[in-house]
Chemist: 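Have a look at this one.
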Amino acid sequence: MECTMQNRMPILERYLDSLAATNPSWYSSSVHGKVNHINTFCDLLSQDYRTTKDAEIHRCHEYEDSLFHEDSTLQEQRPIHISYSPVYGRYLAAFRDIKAGELIFQERPLVLAPKAGSGPTCLACLKALGNDWNGCQTCGAPLCTPPCTGESHTERECSVISRLGLKGTKNLPLVKMLNVILTPLRTLMLTQEDTSAGEVIAALQSNMEKRKKLPIGRFIQEQIVGIFRSRMGLDIDSDIVHHICGVFDTNAFEVSLNDTCRGRALFPLGALMNHSCSPNTQHWFNNGIMTVRAVTNIEVGEPVTNTYTPVLLGTRGRTAHLLATKLFKCMCKRCRDPTELGSHISSIVCRECNVKKGLMVPPGDIGDNWICQECGNQVSNTAIETLVRAASAATSRMASDDTETLVDTMEHVSRLLGPQHYISLEMKYSLFNAILREAVSDISDENLQKVMRLSNDLLQVASLVDPGLSRFRGLLLLGKLKASAEQLLRLEIQQNTNVDVILNNVNNLNEAGNKTEIVSPKKNISYQAQVLLKEAKECEQILQYDHKVSEVAQMLDLLGRMAKTEES
Ligand SMILES: C[S@@+](CC[C@H](N)C(=O)[O-])C[C@H]1O[C@@H](n2cnc3c(N)ncnc32)[C@H](O)[C@@H]1O
């Protein structure tokens with residue numbers, strides 16, 4: 001039975017209500033008791049499973065009326081609601097002003113499965129197993145040995161997979177195929193076992209009709225539907241499989257459960273965050289639970305956005321990625337601005353005006369010439385694209401942990417495209433990470449200086465395209481802190497062992513030969529540590545939900561000790 005247009009928004013609204021238990025902060029203490037009276041997700045959603053074939057969801061009058069009658073006290077603390085626009089479809093919007101750093105919501109995954117295309121992965125806990133694995137005794141699918149505590153590989157799943165004939169074969173292509181079909185298989189089983197979950201999945205956007213006309217549609221029909229029917233004996237309506245696969249490809253998140261277990265998961269509320277190339281939220285996963293936090297202030301009514309593309313990618317790259325994977329053209333502020341919010345990460349340095357270092361910004365029309373903003377020099381789009389492809393090819397051949405090669409490639413790309421270009425920035429970020437992979441005490445003075453320079457360059461770009469409390473900024477600040485704290489530590493050791501340096505400092509004379517105010521080396525280190533301590537506290541706030549927060553805690557300890565040195 002086809003789901004009517006009118007009932008899709010309320011399904012998702014009721015799903016939002018059902019997340020009350022995971023989000024107690026949505027309710028003020030005076031209405032806390034009411035949380036218990038909200039029906040559970042399962043109670044509230046009790047209709048049959050139905051697929052919806054597009055995202056054209058309109059608010060109906062009945063729905064507006066039902067909102068009007070809703071208990072407003074329950075909503076007063078909640079930061080979000082679901083809104084609709086003919087351009088964006090449904091989207092999460094701020095229900096009240098949200099402050100940067102505020103936790104917006106937490107959500108458990110509805111479906112969790114290995115990533116399509118991944119190698120042997122334990123079906124119970126999603127740990128990557130490499131090639132040395134043992135198959136499940138019943139179906140032959142990869143599982144941990146000794147058995148892990150993961151619960152995802154159920155008896156029912158096992159009995160269906162056993163029809164694949166994997167047992168005893170360790171057939172790698174078949175294992176990879178299993179990772180492709182497992183997502184729709186698990187989702188299908190969930191919709192059959194839990195009609196409420198099925199209804200939410202049915203209400204999510206799948207872009208099914210458009211996808212059916214694309215190669216992905218043919219793949220799903222021939223491979224996934226084909227295997228379900230012919231090898232697994234499942235009598236299944238192919239539209240349901242197309243819808244489920246489309247729901248995953250349109251909405252799923254890559255999630256890490258811990259250091260070794262990773263997969264793909266569906267978070268129906270998280271899925272309602274629309275895309276922005278300069279998003280106002282950041283999300284983290286902890287034991288599979290998604291935590292979404294505001295990275296900038298979000299005004300009431302503003303969309304609450306997530307990014308579906310890497311932020312360090314130029315507009316043309318992001319546009320191509322979004323069109324290919326999510327089937328829409330982004331028209332956000334960053335995409336409409338050829339300078340990309342002043343970052344110039346798609347602009348190319350002009351070769352004709354070396355002195356002024358003029359930049360050629362991408363033309364509005366994709367086929368037009370690129371024109372230097374300083375000297376008016378024109379270069380054809382084809383020539384620029386060839387240049388960018390050459391730079392990109394140079395970086396893709398390179399090992400990302402070899403710092404010397406990274407430096408050479410970064411300099412080469414900077415000469416070709418300019419230091420502000422996104423490929424140069426990717427190189428800078430790779431180099432920053434490669435240097436910091438070493439224990440900080442083993443990093444040379446020269447490389448510590450490099451980390452400082454790279455982080456400053458990247459922080460400048462981050463403040464434009466990924467501003468506020470973004471993880472990117474947090475990681476850059478952390479690297480910078482590690483480098484500066486280590487430099488300070490080396491200075492402290494040097495001064496403790498070199499009495500001459502101290503005496504010279506103490507007898508400090510200015511150019512006129514007068515004694516200047518004496519700043520003892522210890523006081524100087526203490527002062528610098530106090531400045532860094534402030535940055536470390538900002539970093540701690542940004543990475544509050546990140547596993548890297550333990551590294552920030554170490555920095556806080558170290559800097560705290562150095563800041564106190566003068567007093568002792
Ligand atoms: C993860 S879903 C987001 C929720 C979706 N709008 C809905 O109604 O269920 C992704 C889809 O939303 C739409 N979308 C998301 N961000 C958009 C944006 N910035 N501009 C236009 N469409 C967008 C696209 O159709 C995309 O395929």
Side-chain angles (χ1 to χ4, degrees), residues 3-16 50-60 63 80-94 104-105 107 109-111 183 187 199-214 216-217 242-255 264-281 283 290 292 298 301-311 313 315 317-337 340-341 465:
C3 208
T4 58
M5 291 299 216
Q6 293 94 313
N7 64 15
R8 294 175 202 168
M9 279 285 266
I11 289 167
L12 295 171
E13 279 284 353
R14 289 198 298 267
Y15 174 75
L16 176 66
R50 289 169 291 210
T51 56
T52 58
K53 295 181 178 163
D54 58 48
E56 294 299 304
I57 289 89
H58 297 277
R59 273 175 181 254
C60 63
Y63 174 62
I80 42 171
H81 70 145
I82 305 172
S83 207
Y84 173 79
S85 113
V87 178
Y88 305 117
R90 296 158 303 189
Y91 61 95
L92 286 190
I104 304 179
F105 67 89
E107 189 181 11
L110 202 57
V111 188
T183 300
T187 313
E199 194 161 59
V200 172
I201 290 162
L204 290 175
Q205 180 172 341
S206 70
N207 294 325
M208 178 171 93
E209 293 306 336
K210 286 186 198 160
R211 284 165 52 93
K212 273 175 157 180
K213 298 180 190 125
L214 301 173
I216 185 69
H242 280 282
H243 176 76
I244 288 175
C245 292
V247 162
F248 255 82
D249 291 346
T250 308
N251 300 284
F253 289 79
E254 282 186 21
V255 355
R264 226 172 148 221
L266 195 60
F267 297 88
L269 191 59
L272 292 175
M273 282 189 288
N274 267 357
H275 163 86
S276 166
C277 297
S278 202
N280 55 24
T281 71
H283 57 267
M290 179 160 81
V292 175
I298 309 174
E302 244 187 272
V304 170
T305 57
N306 167 33
T307 185
Y308 306 169
T309 64
V311 281
L313 188 62
T315 298
R318 297 193 313 278
T319 303
H321 175 80
L322 292 170
L323 274 173
T325 59
K326 311 286 178 182
L327 311 185
F328 74 94
K329 181 164 173 27
C330 182
M331 292 299 289
C332 73
K333 202 172 160 199
R334 180 174 167 195
C335 287
R336 283 182 278 118
D337 175 0
E340 300 200 30
L341 310 176
V465 298

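Just so it is clear, the values below take in all heavy atoms, side chains as well, and ignore hydrogens, waters and symmetry mates. None of the values given here were measured: they were computed from a predicted structure. Atoms within a ligand are numbered from 1 in the order they appear, just like the ligands themselves. Throughout, residue positions are numbered sequentially from 1 according to the sequence presented.
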Chemist: May I ask you to list the atoms of ligand 1 that are less than 4.0 angstrom from any heavy atom of N207?
Modeler: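 Listed by number with element: 27 (O).
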
Chemist: Does even one non-hydrogen atom of A271 get within less than 4.0 Å of ligand 1?
Modeler: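 Yes; A271 lies near enough to ligand 1 that a heavy-atom distance drops under 4.0 Å.
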
Chemist: Do the side chains of L272 and F267 get nearer than 4.5 Å, heavy atoms only?
Modeler: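 They are not in side-chain contact.
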
Chemist: I'd like to know if the side chain of T305 pairs up with that of N280 as donor and acceptor (distance under 3.5 Å, no hydrogens or angles considered).
Modeler: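 Checked: T305/N280 side chains pair up, N/O donor to acceptor below 3.5 Å.
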
Chemist: Answer whether the closest heavy-atom distance between the side chains of F248 and T187 falls below 4.5 Å.
Modeler: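 With C-beta onward as the side chain, the pair touches.
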
Chemist: Is L92 close to I82 at the side-chain level, that is, under 4.5 Å between some pair of heavy atoms?
Modeler: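 Yes, their side chains come closer than 4.5 Å.
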
Chemist: Does L327 come within less than 4.0 angstrom of ligand 1, counting non-hydrogen atoms of the residue?
Modeler: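 It does not, in that no heavy atom of L327 comes within the 4.0 Å cut-off of ligand 1.
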
Chemist: Nearest non-hydrogen contact with atom 11 (C) of ligand 1 belongs to which option: M331, R90, Q205, M9?
Modeler: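 Considering heavy atoms of M331, R90, Q205, M9, the nearest to atom 11 (C) of ligand 1 sits in Q205.
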
Chemist: Does ligand 1 have an atom under 4.0 Å from some heavy atom of L204?
Modeler: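 Not so, L204 does not reach ligand 1.
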
Chemist: Side-chain contact, heavy-atom cut-off 4.5 Å: H283 with I104?
Modeler: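 The answer is no, as the side chains (C-beta and beyond) never meet within the 4.5 Å cut-off.
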
Chemist: Using a 4.0 Å heavy-atom threshold (strictly under), name the region of Y308 that reaches ligand 1: side chain, backbone, both or neither.
Modeler: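 Side chain only.
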
Chemist: Any side-chain heavy-atom pair from R318 and C335 closer than 4.5 angstrom?
Modeler: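 They are in contact (side-chain heavy atoms under 4.5 Å apart), so the answer is yes.
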
Chemist: Out of H275, K210, R8, who is nearest to atom 16 (N) of ligand 1 when you count heavy atoms only?
Modeler: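 Residue with the shortest heavy-atom distance to the ligand atom: H275.
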
Chemist: Mark up the atoms of ligand 1 that fall under 4.0 Å of a heavy atom belonging to K326, in ascending order.
Modeler: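 Heavy-atom distances to K326 below 4.0 Å select 26 (C), 27 (O).
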
Chemist: Answer with side chain, backbone, both or neither: which part of T305 has a heavy atom less than 4.0 angstrom from an atom of ligand 1?
Modeler: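 Neither part.
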
Chemist: Work out whether the distance between some heavy atom of Y88 and some atom of ligand 1 is less than 4.0 Å.
Modeler: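 Judged by the 4.0 Å heavy-atom criterion, Y88 does count as contacting ligand 1.
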
Chemist: How about F105 and M273: do any of their side-chain heavy atoms sit closer than 4.5 Å?
Modeler: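 The answer is yes, as the side chains (C-beta and beyond) meet within the 4.5 Å cut-off.
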
